[in-house]
Amino acid sequence: MKRLGLCIWGVRTAWHTEGDGEFFCPECGGDRAYHRRTGTRRLTLLGMPLLNRGSAGTVIECTACHRQYGPEALLRPTTTRFSAMLRDAVHTIALAVLTAGGASGRPAREAAVGAVRSAGFTDCTEDQLLGLLAAIVADEGRYRAASTELGPDSFAGDAVEGCGGWLSIELHEALEPLTDHLLPQGRERVLLQGAHIALADGPYLPAEREVLESVGRCLSIPLPDIDRLLAAAATTS
């Protein structure tokens with residue numbers, strides 16, 4: 001507020017709530033409810049609004065601490081959403097490695113079940129994974145037929161050898177969104193979970209190695225680091 005003679009004037013922002021939801025609040029350090037609000041600046045005289053002075057933009061306001069952030073705050077997943085993304089990523093990697101050749105060995109199947117349970121699917125069983133693998137094999141046949149009809153510009157060109165086109169797409173969809181929210185050490189840990197599954201019943205099969213390299217690329221891990229990590233895992237298993 002400013003004083004001009006006997007008049008008191010100033011600029012205030014009037015906020016209007018347009019929506020709400022849940023987000024991760026950095027100030028609170030956890031998931032909180034938010035209001036999406038847009039503001040209009042107004043010139044006031046003696047506390048009474050007179051003239052609009054333009055837009056104050058859109059903010060995301062935490063309903064707990066009332067801290068305001070830019071709309072980009074919603075790009076960060078909530079803790080609940082991040083846990084689900086990580087769980088789905090490990091589940092997809094486990095299926096990809098087993099599809100590449102590890103399903104025939106019980107140690108690999110048990111390692112896959114353990115990794116999936118640790119990631120959050122606590123009720124996962126070996127029978128469930130085998131059922132999903134059977135469905136993937138069936139779907140892969142339909143996928144190949146569809147890709148042939150679509151021609152050379154279809155998704156078939158992105159298929160990972162030993163993994164199949166359908167599951168290759170699943171890897172990209174599960175891992176690439178996760179990459180932006182993981183530190184390099186976290187990305188490496190996700191890759192190593194797949195490596196431990198593949199190594200549970202012996203050295204990497206060529207198809208397993210191809211799948212793991214694809215996992216590393218989806219996680220934006222440089223190729224030299226992928227080779228280093230996979231080699232280190234092989235020497236310690």
Side-chain angles (χ1 to χ4, degrees), residues 77 79 81-137 140 158-237:
T79 303
R81 175 58 184 152
F82 179 77
S83 297
M85 292 169 66
L86 189 59
R87 178 193 64 201
D88 292 345
V90 173
H91 186 257
T92 305
I93 291 171
L95 287 174
V97 173
L98 291 179
T99 302
S104 59
R106 176 170 289 275
R109 297 198 301 268
E110 291 178 344
V113 170
V116 172
R117 286 178 176 173
S118 297
F121 284 116
T122 56
D123 58 349
C124 176
T125 66
E126 186 175 319
D127 287 342
Q128 288 175 342
L129 284 184
L130 290 176
L132 286 171
L133 287 174
I136 288 171
V137 171
E140 186 59 29
D158 296 329
V160 179
E161 183 181 353
C163 179
W166 180 84
L167 198 51
S168 176
I169 294 172
E170 290 292 308
L171 279 176
H172 284 278
E173 291 182 348
L175 299 181
E176 289 178 353
L178 183 66
T179 300
D180 292 337
H181 308 293
L182 282 174
L183 295 173
Q185 297 90 333
R187 285 180 254 154
E188 292 178 358
R189 186 173 299 177
V190 172
L191 173 61
L192 288 175
Q193 291 190 61
H196 293 322
I197 296 171
L199 293 166
D201 56 0
Y204 301 118
L205 297 174
E208 291 174 334
R209 173 78 187 213
E210 181 72 19
V211 166
L212 293 171
E213 289 178 355
S214 178
V215 169
R217 290 194 297 270
C218 289
L219 291 169
S220 298
I221 300 175
L223 184 57
D225 290 338
I226 295 174
D227 292 337
R228 171 181 57 81
L229 291 165
L230 296 182
T235 58
T236 57
S237 297

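Sequential numbering from 1 along the given sequence is applied to the chain's residues. From a predicted model like this one, the values you see are computed outputs, not experimental measurements.
- Of the possible polar contacts, one joining the Glu208 side chain to the Leu205 backbone as a donor-acceptor pair under 3.5 Å is found.
- Side-chain contact between Thr92 and Leu175 is absent, with no heavy atoms from C-beta onward closer than 4.5 Å.
- Under the 4.5 Å side-chain criterion, counting only non-hydrogen atoms from C-beta, Leu129 is not in contact with Arg109.
- Taking the charged nitrogens against the carboxylate oxygens, Arg217 and Glu176 have no contact shorter than 4.0 Å, which rules out a salt bridge.
- Inter-residue side-chain proximity for Phe121 and Val113 is flagged as unmet; no heavy-atom pair is nearer than 4.5 Å.
- Taking every heavy atom of both residues into account, Cys218 and Thr179 meet most closely at O-OG1, 3.1 Å.
- Distance alone, capped at 3.5 Å, is enough to place a donor-acceptor pair between the Arg117 side chain and the Cys124 backbone.
- Proximity of Ser168 to His172: side-chain heavy atoms (C-beta onward) are separated by under 4.5 Å at one or more points.
- In this structure, CG on Leu86 lies 10.0 Å from CZ on Arg189, to the nearest 0.5 angstrom.
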Are Leu130 and Leu98 close enough, and set up right, to give a side chain to side chain contact (heavy atoms under 4.5 Å, CB included), and what steps lead you there? CA-CA 9 Å; Leu130 290 176; Leu98 291 179; over 6 Å; no
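- Between His91 and Glu170 there is no side-chain heavy-atom pair separated by less than 4.5 Å.
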Just do the side chain to side chain contact (heavy atoms under 4.5 Å, CB included) check on Arg209 and Leu212 with the steps written out, would you? CA-CA 5 Å; Arg209 173 78 187 213; Leu212 293 171; 5.7 Å; no
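- Once rounded to the nearest 0.5 Å, the distance linking CD1 of Ile226 with CD of Glu213 reads 6.5 Å.
- What you find for Ala100 and Ala207 is that their closest heavy atoms are O-CB, 3.3 Å.
- With a 4.5 Å cut-off on side-chain heavy atoms, Met85 and Asp88 do not count as touching.
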Could you give me the CA-CA distance, side-chain angles and deciding distance for His181 and Arg81, then say whether side chain to side chain contact (heavy atoms under 4.5 Å, CB included) is met? CA-CA 11 Å; His181 308 293; Arg81 175 58 184 152; over 6 Å; no
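- Note on Arg187 versus Asp180: no salt bridge recorded, every NZ/NE/NH1/NH2 to OD/OE distance being 4.0 Å or above.
- Listed here is the closest heavy atom pair of Ala233 and Ala195: CB-CB, 4.1 Å.
- With respect to Ile197, the side-chain contact (heavy atoms from CB on, under 4.5 Å) criterion is satisfied by exactly one of Val90, Leu192, Val97: Val97.
- Annotation: side chain of Pro222 is in contact with side chain of Asp225 (closest heavy-atom distance under 4.5 Å).
- Summarising the geometry of Ala111 relative to Ala200, their closest heavy-atom pair is CB-CB, 3.8 Å, with the distance given to 0.1 Å.
- Judged purely by atom type and a 3.5 angstrom limit, Thr236 uses its side chain to pair as donor or acceptor with the backbone of Ala232.
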For Tyr204 and Val211, what are the C-alpha separation, side-chain angles and deciding distance, and is it a side chain to side chain contact (heavy atoms under 4.5 Å, CB included)? CA-CA 10 Å; Tyr204 301 118; Val211 166; over 6 Å; no
